[in-house]
Visitor: 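Starting off with a structure, shown below.
Side-chain atoms are counted along with the backbone in the values below, which use heavy atoms only and exclude waters and symmetry mates. Chain letters run A, B, ... following the sequence lines, proteins first and then strands; every chain starts at 1. The structure presented is a predicted model; accordingly, all values stated were derived computationally and were not measured.
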Amino acid sequence: MSHTTTLPDTDTAPLIRPKTSRDDKIKAVFMAVIGLYLVITLALPLYAMLSKSFSTYSFDLSNFEFQVYKIDSWSEPVTALSLNQKLNVVTPAELSTSSDGRLGVTAFFPDFSFRSITRYKIRQINLDSSFLVGSERIADTEWHEFSSNDFRRVVLRPSSSTGLDNYKIYFSTPSLFKSIENSLFIAFVVMIITVSMAFGFAYALNRSTMRFKGVFRLIAMAPILVPSLLPGIALVYLFGNQGMIKGLLMGQSIYGPIGIIIGSIFFTFPHALIIISTALSISDGRLYEAAISLRASRWKTFWTVTIPAARYGLFSAAFVVFNLVITDFGLPKVIGGQYNMLAVDIYKQVIGQQNFEMGAVVSVVLLLPAMFAFSIDRYVQKKQVAQLSAQSVPYEPKPHKRFDLICLFYSLLVAVFIMGLIGVCQYAALIKFWPYDLSLGLSNYNFEVMDGGGWGSYFNSIKLAFFTAIAGTLMVFIGAYMVEKTNGLTTARSAFQFLAMMPMAVPGMVLGLAYIFFFNNPANPLNSIYATMGILVICTVTHFYTVSHLTAVTALKQMDREFESVASSLKQPFYKLLFKVTFPVCLPATLDISIYLFVNAMTTVSAVIFLYSPDTTLASIAVLNMDDAGDVAPAAAMGMMIFYTNVAARLIHIFITRKLMIKTQAWRVR
Amino acid sequence: MNEPSPSHSQDATVFLQIDNLTKKFGTFTALDKVSLDVYQGELICFLGPSGCGKTTFLRAIAGLDIQTSGTVIQAGEDISALPPSERDFGIVFQSYALFPNLTVEKNISFGLENEKTSRSDINHRVQELLEMVGLSDQGKKFPTQLSGGQQQRIALARALATSPGLLLLDEPLSALDAKVRGYLRHEMKALQRSLGVTTVMVTHDQEEALTMADRIVVMNDGVIEQVGTPTEIYREPGTLFVADFIGAMNQINGRTTGSNQVVVGETTFTTQKHDLEANIPVVVAIRPEDIVPVEEGESSPEDNILDMTVEDMEFLGSFWRVSMSNPLLGKALLNADMSVNAIQRLHIDIRTTITVELPVDRLCVFLAENE
Amino acid sequence: MFKKSFMKTAAVGCIAAVSMIGMSQSTLAATDLVVYSAIEAEDLARYAKTFNEDHPDINIKWVRDSTGIVTAKLLAEKDNPQADVVWGLAATSLLLLKSEGLLDPYKPKGVEALDKKFVDKGDVPSWVGMDAWVASICYNTVEAAKNNLTPPKTWKDLLKPEYKGHLIMPNPNSSGTGFLDVSSWLQIYGEDGGWEFMDGLHENISRYTHSGSKPCKLAAAGEIPIGISFAFRGAKSKAKGAPLEIIVPEEGVGWDMEATAIIAGTDKLKAAQTLVDWSITKKANEMYNIGYAVVAYPGVAKPVKFFPENLLDKMIDNDFEFAANNRKRILSTWQERYDSKSDPKKK
């Protein structure tokens with residue numbers, strides 16, 4: 001007992017400052033680099049966008065002075081402000097405007113007539129704003145003299161400041177804020193329908209013994225492989241005014257909520273299915289055995305066992321669907337008609353009206369529900385993980401003839417819906433001139449004579465997808481590794497984790513617009529990547545960072561936490577462990593990440609719509625632009641090219657994964 | 001039970017000197033000013049219930065979770081602040097942390113590969129290590145193709161590959177079933193002794209600690225309760241916690257009267273010398289196997305003789321555990337372990353009365369806690 | 001050994017990353033001219049080729065997109081212009097750019113020869129026109145017959161109840177063509193009359209499209225019988241075999257022109273001026289005439305197949321200045337009145 005004598009109580013024992021190992025230093029540097037990447041490609045652009053939404057334009061009446069030549073002398077200079085105080089011709093609401101606002105000056109002179117011989121002088125007091133004569137811009141502080149006939153051509157230009165004016169304008173313009181209601185409504189309806197449909201399908205896949213499960217699963221995943229606007233094109237061919245089965249709509253127009261809802265169900269279906277199917281597949285078979293032993297009816301078992309067990313999956317799927325729909329841009333653009341949605345509003349404000357500030361405001365408005373849905377989803381997903389127990393016994397469905405038949409029939413219906421829409425697109429792409437010349441041919445594949453960048457855009461897309469897959473996978477994996485396997489640096493790691501989760505809450509349109517504000521600023525040293533393939537790769541990697549990151553983190557979490565300890569006790573650097581053990585073991589997950597990035601880079605529209613340049617046109621954008629220009633059949637043709645490319649990429653992915661599994665994952669086989 | 005090994009004598013070299021180690025996680029103190037000397041070549045065991053700080057202690061020694069304050073000196077060098085890669089130790093974890101995609105050979109050679117060592121030297125050393133753990137023919141297999149016990153030995157071989165000065169074992173046997181565990185205990189101890197590598201092992205299994213360790217460090221709530229050889233720990237527990245945690249122990253509340261006497265109920269026991277003032281609440285403790293039945297006709301000792309009524313009997317294979325009571329002791333029940341022979345010879349059965357002796361030198365006295 | 005290969009991997013990664021970012025960045029030789037344009041995709045190569053016949057030393061780097069996007073791009077790049085010349089962008093857009101001080105005024109050689117309508121009114125013109133882009137109605141005879149419609153002769157005809165739900169026009173908030181129509185109506189009928197006309201028209205409109213050429217393409221595809229679009233698009237669709245008739249309403253039609261301008265601050269001023277000089281030559285105008293029936297150089301235009309013949313007479317005396325300076329006001333009024341077609345019942 002002699003050697004355990006503790007020294008007298010001294011609270012002043014010097015604290016040990018652990019020496020940082022070389023590995024930890026390298027890791028910290030890597031983490032800082034990737035963290036910095038996320039700050040530059042996400043946080044700063046979003047900040048730039050936010051500040052843009054507060055950048056306002058208003059007419060500064062106090063800055064303009066007039067003189068009038070009456071009889072034989074010039075009157076005393078008088079500001080527009082004091083004239084307006086007297087006359088009250090311009091309301092305060094009319095004073096706040098956008099960057100291209102103009103205000104005629106003749107209103108300040110009630111007795112103005114362009115035929116009179118009265119002459120006018122105008123000047124601005126300081127250089128903050130400007131005025132136009134016709135389209136001639138005058139920005140100096142000199143007096144300028146005009147005849148009455150010319151004076152009517154004078155308009156004032158606004159000066160810029162910051163404030164909440166843009167938001168005030170937004171919320172006082174019914175046609176703008178109506179979109180909030182529309183977007184929420186569509187997202188909600190689609191959420192209910194898709195989740196119910198996907199639940200039924202997942203139930204059939206997991207709980208019946210019907211045949212062709214593999215085929216159904218494959219078909220259900222197909223919508224992931226096409227741009228979200230493709231179902232819109234198919235719907236036009238089916239239900240448009242010349243639609244093949246137009247009668248089914250009973251006079252309703254497909255252009256509007258109906259079209260958006262049907263199309264959204266199509267493209268959100270696989271996302272919901274994956275989540276719900278996972279939730280159903282992990283539920284505990286023992287509960288069903290218990291239910292059977294208690295002689296509970298099928299119906300009762302369904303409500304007391306199945307639904308509660310899958311509830312987190314259902315919630316999570318609901319919010320994912322909600323988020324996908326509310327942030328989607330392509331589909332409402334194609335089939336939305338006059339039904340305004342938030343994501344399309346951003347496009348209209350920026351591209352149609354060059355009103356970047358209002359585009360930023362709508363972006364902020366869109367960001368809120370998206371972030372809300374995202375955070376709830378994260379919360380729910382955490383709960384679901386906790387619900388999993390190691391002792392669970394997987395449920396084994398038993399044959400039940402009638403039930404299996406119903407499941408088969410239902411799955412067939414869904415499969416027909418999905419394959420039908422894709423099939424219609426392919427058919428449309430091959431028809432020469434719908435509906436007047438139904439002969440088949442490849443003329444719609446002659447993209448060179450259409451808007452959208454021709455075949456070049458297709459190859460650009462493949463290039464983008466390829467670079468995104470490679471650069472993205474590397475970055476995501478290394479980032480996830482540093483976050484998972486670094487000691488200490490708790491604050492830095494949680495900051496990184498937060499940054500990595502953020503992209504999912506940011507709608508593509510918002511990200512793209514934020515990129516314009518941030519990268520297209522001459523003061524930004526990174527300005528040179530603007531309008532290059534580089535910015536498209538960066539934007540796409542960032543846009544799809546979260547899911548990739550989570551996949552990598554999940555894979556890394558399954559690794560023994562002590563590998564790093566063992567390696568360091570053996571005095572081997574972490575990168576040897578990374579390349580020899582961690583990376584090979586995580587290879588399947590890595591390949592999953594790269595195919596995910598590839599497919600999404602092929603189909604994405606929203607984030608890159610603001611960023612492509614004529615040298616970097618993309619296939620997905622070409623689909624949109626060709627449809628926009630009325631070349632619907634070529635749009636369908638290009639859309640199908642994307643589909644086939646993604647199918648091929650998937651097949652290659654499966655092939656490579658198999659090969660690698662055999663070669664490097666021999667240890668998985670006992 | 002092991003006898004103290006020769007390496008443990010007071011004049012043996014101190015290999016690891018730990019002084020005033022404190023580890024805090026936020027406001028929680030996991031280790032509180034812990035000091036310990038580990039001698040060259042000994043196998044020392046950290047034993048305690050889960051959450052007692054034993055693993056934290058081990059990880060601090062390894063540099064995996066460096067302590068908040070306090071020093072660690074290994075082989076004369078202050079390594080308190082060094083990262084694991086700059087310390088000299090090999091480690092085996094409960095999970096073994098074998099690299100699943102590398103063969104057994106590659107696992108073992110992982111730490112051997114560097115610019116200085118030739119491939120043939122490495123191969124030679126790997127073979128040597130495989131032979132040492134008795135798995136020469138398993139080198140080409142992947143870890144998942146081996147049994148748990150084999151995996152454990154591979155992990156050991158990997159940890160020993162670089163001939164570290166210190167071997168750290170974090171619950172190395174707890175993932176195995178009882179039979180394999182018993183066999184491996186013996187193997188590991190033999191290996192450790194033949195290599196003479198200083199070893200620190202963490203375990204929550206007292207049997208493992210008692211059978212393998214040269215010395216045991218019993219820990220509780222972030223402090224060391226007692227350090228000693230297995231026999232010392234068992235026979236002379238330094239604290240009530242140690243007495244309670246290791247083996248079975250009868251505990252009877254009482255009050256001191258003299259420097260070697262305690263009053264329980266209406267009986268006065270003569271105990272080991274405790275030197276406490278009178279009338280202090282204490283706990284008198286005695287192991288069940290130390291309670292001796294007094295046979296008729298035997299010359300009976302003077303002290304601590306009691307007539308007890310048998311309340312219950314439990315058959316535990318090699319012996320019976322007999323629960324007895326005596327109104328003089330209040331409600332307290334005394335457990336005594338008695339051989340099958342003694343039970344038959346003395347005709348002990350439920351409701352019979354027997355006379356037992358509580359030997360003076362086996363009666364330990366501890367201060368009562370919070371009473 | 002291992003360390004070396006790690007370094008190698010890292011080096012390769014760096015090179016890949018650098019080349020990836022660098023590779024699509026355009027490298028500009030002395031004679032490369034960055035030209036922003038909204039000319040139809042299919043005409044770009046032909047224009048460059050014809051230009052190079054006379055000036056092989058100047059290489060045009062096209063940056064092409066729809067009018068709205070090119071304008072948005074130029075405005076966004078206000079402080080950091082990427083373009084040297086704009087060749088083939090709506091005059092309305094150029095006026096907007098001019099009022100932001102983005103254009104470099106230049107009087108091209110031989111500008112006197114052009115129709116005055118096609119030249120900016122400034123002392124030194126900021127832009128010069130190329131060809132006109134005229135609104136008209138695309139009328140699908142097959143679909144109209146199915147719906148028993150009679151071809152409209154005037155804009156006012158479109159207010160007839162028989163056309164209810166059979167009309168499509170571009171949304172002026174996202175389409176230059178749409179704005180062209182709206183501003184022409186306001187000029188033809190006066191402000192009040194114009195809005196009154198549009199109130200009536202709105203009742204018959206099935207929906208508004210984002211793009212200006214889409215109404216005509218939709219009419220060509222039979223998706224709608226009548227699309228308010230522009231003549232050029234109609235002629236093209238007609239050439240492809242669509243059962244279209246291109247109607248020029250009797251009241252007159254709005255028009256815009258494609259025009260050329262130099263971006264202020266270009267460091268290749270000489271080459272830019274050479275291009276602008278060339279862009280108003282007779283040869284260039286003959287080139288424009290292949291697609292457009294109305295061009296800036298008087299006497300050059302030959303009738304273009306499928307184009308309505310009376311087009312030039314029907315073009316209104318368009319006040320671009322009015323359109324540009326009232327654009328914001330007109331658009332917000334329009335938006336207030338019509339931009340929630342989705343639920344007309346609520347009104």
Visitor: Let me confirm one number: the CD1-CG distance from B/Ile66 to A/Leu15, rounded to the nearest 0.5 Å.
Guide: 13.0 Å

Visitor: Not counting sequence neighbours, which residues clear ring pair (Phe, Tyr, Trp, His ring centres under 6.0 Å) with A/Phe544? List them please.
Guide: none

Visitor: Heavy-atom count around A/Lys213 NZ within 6.0 Å, excluding the residue itself: above 12?
Guide: yes

Visitor: When you look at A/Arg22 and B/Glu86, which way does the salt bridge (Lys or Arg N to Asp or Glu O under 4.0 Å) test go after all the steps?
Guide: CA-CA 10 Å; A/Arg22 208 171 62 107; B/Glu86 292 173 37; over 6 Å; no

Visitor: Around atom NZ of A/Lys485, are there more than 12 heavy atoms from other residues, nucleotides or ligands closer than 6.0 Å?
Guide: yes

Visitor: Can you tell me how far CG of B/Leu64 sits from OG of A/Ser565, rounded to the nearest 0.5 angstrom?
Guide: 4.5 Å

Visitor: Is there side-chain contact between B/Pro100 and A/Met559, with at least one heavy-atom pair below 4.5 Å?
Guide: no

Visitor: Pick whichever of B/Ala155, B/Pro83, B/Pro84 has the most heavy-atom pairs under 4.5 Å with chain A.
Guide: B/Pro83

Visitor: Of the listed residues (B/Gly228, B/Gly63, B/Gly70, B/Ala62), which shares the most heavy-atom pairs with chain A below a 4.5 Å separation?
Guide: B/Gly70

Visitor: Counting heavy atoms not belonging to A/Phe498, are there more than 12 under 6.0 Å from its CZ?
Guide: no

Visitor: Looking at every heavy atom in both A/Pro14 and B/Ser69, which two are closest together, and how far apart are they?
Guide: O-CB, 3.2 Å

Visitor: Testing the basics here: between A/Lys580 and B/Leu102, what is the closest heavy-atom pair and its distance to 0.1 Å?
Guide: O-CD2, 4.0 Å

Visitor: Quick one: which residue pairs count as a ring-ring contact (aromatic ring centres under 6.0 Å, His included) with a foot in residues 78-103 of chain B, not counting sequence neighbours?
Guide: A/Phe563-B/Phe99, B/Phe99-B/Phe110

Visitor: Taking every heavy-atom pair that is under 4.5 Å apart, which of A/Ile16, A/Leu570, A/Thr20 has the most such pairs with chain B?
Guide: A/Ile16

Visitor: Sort B/Ile18 into side chain, backbone, both or neither according to what part of it lies under 4.5 angstrom from a heavy atom of chain A.
Guide: neither

Visitor: Just so I understand: if I count every heavy-atom pair under 4.5 Å between each of A/Lys571, A/Lys19, A/Arg561, A/Arg17 and chain B, which residue has the most?
Guide: A/Lys19

Visitor: If you look at every heavy atom in B/Ala97 and A/Asp560, which pair is closest and at what distance?
Guide: CA-OD2, 3.5 Å

Visitor: Over all heavy atoms of both residues, which pair between B/Arg59 and A/Glu562 is shortest? Give the atoms and the distance, please.
Guide: NH1-OE2, 3.2 Å

Visitor: Chain A contacts: which residues in residues 165-175 of chain B have a non-hydrogen atom closer than 4.5 Å to it?
Guide: none

Visitor: Would you please name every residue forming a ring pair (Phe, Tyr, Trp, His ring centres under 6.0 Å) with A/Phe466, sequence neighbours left out?
Guide: none

